[in-house]
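Before any comments, here is the structure.
Chain identifiers are assigned alphabetically (A, B, ...) following the order of the sequence lines, protein sequences preceding nucleic acid strands; residue numbering begins at 1 within each chain. Just so you know, these numbers come straight off a predicted model, no measurement behind them.
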Amino acid sequence: KAGVTQTPRYLIKTRGQQVTLSCSPISGHRSVSWYQQTPGQGLQFLFEYFSETQRNKGNFPGRFSGRQFSNSRSEMNVSTLELGDSALYLCASSLGTSGGPHEQFFGPGTRLTVL
Amino acid sequence: DAKTTQPPSMDCAEGRAANLPCNHSTISGNEYVYWYRQIHSQGPQYIIHGLKNNETNEMASLIITEDRKSSTLILPHATLRDTAVYYCIVRVANNAGNMLTFGGGTRLMVKP
């Protein structure tokens, strides 16, 4: 079974631009979560989507948004990029259905650099 | 979700058992203990989870104290490839979502 894939793996943008990152979960998984990892703040939860609906949201500004498609693939968007948005963005998928616990499977991440 | 406390770093000799402690003194009765690890520049990897009883899988063993206020992850025969940051996470397992709250973790260095 293929793992979680994220595209692109590396990205360089300049301040003020916007960026879209993509995540394809493991086949059959309906939950996709996004995390941001920086040296200063560590791993922080951004949001989770389940069956095309946002189920949980972390403490990030509205510039960070996401969506999930009917095939469970997910995208996250960051608008008006700031230098502090430079980070490794990780996507995780899980079954997400009731009756957990369900382990999460992480992708390799997208490393975003904002200049 | 309950907060966890882990030592920031530990060393272990290759081939020896690595015992990584985690304190979660405010854990609730319906909260599970999860362990993940992150090898440098890769996404975190699920290791094991448990509620009350000790658990073992092909990667590790999880020992949870009777009062559930602390746990230990055991890598029975550590290899150089086990060098990573290990995260202990406590959370409720329900259908309200899969959010994981990561702390600082323990940086395990396995040395030859």
Side-chain angles (χ1 to χ4, degrees), chain A residues 3-6 9-10 21 23 25-26 29-51 53-60 66 68 72 74 87-111, chain B residues 1-6 8-9 24 27-53 55 57-60 62 64 68 71 73 84-107:
Chain A
V4 178
T5 57
Q6 292 186 244
R9 292 292 312 278
Y10 302 91
L21 311 182
C23 171
I26 291 171
H29 285 190
R30 293 164 61 189
S31 166
V32 174
S33 299
W34 289 89
Y35 294 82
Q36 181 197 65
Q37 185 170 29
T38 60
Q41 299 298 318
L43 267 160
Q44 292 186 287
F45 172 79
L46 279 157
F47 29 66
E48 181 203 3
Y49 286 87
F50 178 77
S51 292
T53 301
Q54 189 179 85
R55 185 156 71 171
N56 282 296
K57 187 178 190 302
N59 189 25
F60 278 82
Q68 186 179 35
S72 293
S74 177
L88 180 67
Y89 289 89
L90 292 156
C91 163
S93 82
S94 74
L95 287 170
T97 54
S98 61
H102 299 294
E103 59 263 39
Q104 294 192 44
F105 297 85
F106 284 79
T110 294
R111 184 161 298 279
Chain B
D1 294 338
K3 183 178 165 132
T4 61
T5 304
Q6 299 178 253
S9 64
H24 31 80
I27 192 170
S28 301
N30 61 348
E31 289 182 311
Y32 286 74
V33 180
Y34 291 77
W35 284 84
Y36 284 77
R37 74 179 182 184
Q38 186 175 25
I39 296 169
H40 183 61
S41 295
Q42 297 181 21
Q45 176 190 24
Y46 165 82
I47 301 173
I48 198 168
H49 73 271
L51 182 62
K52 295 182 196 176
N53 301 318
E55 302 287 345
N57 63 20
E58 64 278 3
M59 287 183 68
L62 173 60
I64 303 174
R68 301 209 323 121
S71 61
L73 178 75
V85 178
Y86 288 76
Y87 297 97
C88 169
I89 299 167
V90 173
R91 66 177 295 268
V92 176
N94 56 29
N95 62 351
N98 287 303
M99 182 179 80
L100 294 175
T101 302
F102 288 85
T106 295
R107 186 173 297 277

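- Closest approach of B:Pro44 to A:Leu90, counting heavy atoms only: CD-CD1, 3.8 Å.
- Of all heavy-atom pairs spanning B:Met99 and A:Gln104, the tightest one is N-NE2, 4.4 Å.
- For the pair A:Leu43/B:Tyr36, no side-chain contact is recorded, criterion being any heavy-atom separation below 4.5 Å from C-beta on.
- In this structure, chain B has no heavy atom under 4.5 Å from any part of A:Gln6.
- Annotation: the span from B:Ile48 atom CD1 to A:Glu103 atom CD amounts to 11.0 Å, rounded to 0.5 Å.
- A:Phe45 and B:Leu100 get closest at one heavy-atom pair: CB-O, 4.1 Å.
- Atom CG of A:Asn59 sits in a sparse spot, with 12 or fewer heavy atoms from other residues, nucleotides or ligands closer than 6.0 Å.
- Of the possible polar contacts, none joining the A:Tyr35 side chain to the B:Phe102 backbone as a donor-acceptor pair under 3.5 Å is found.
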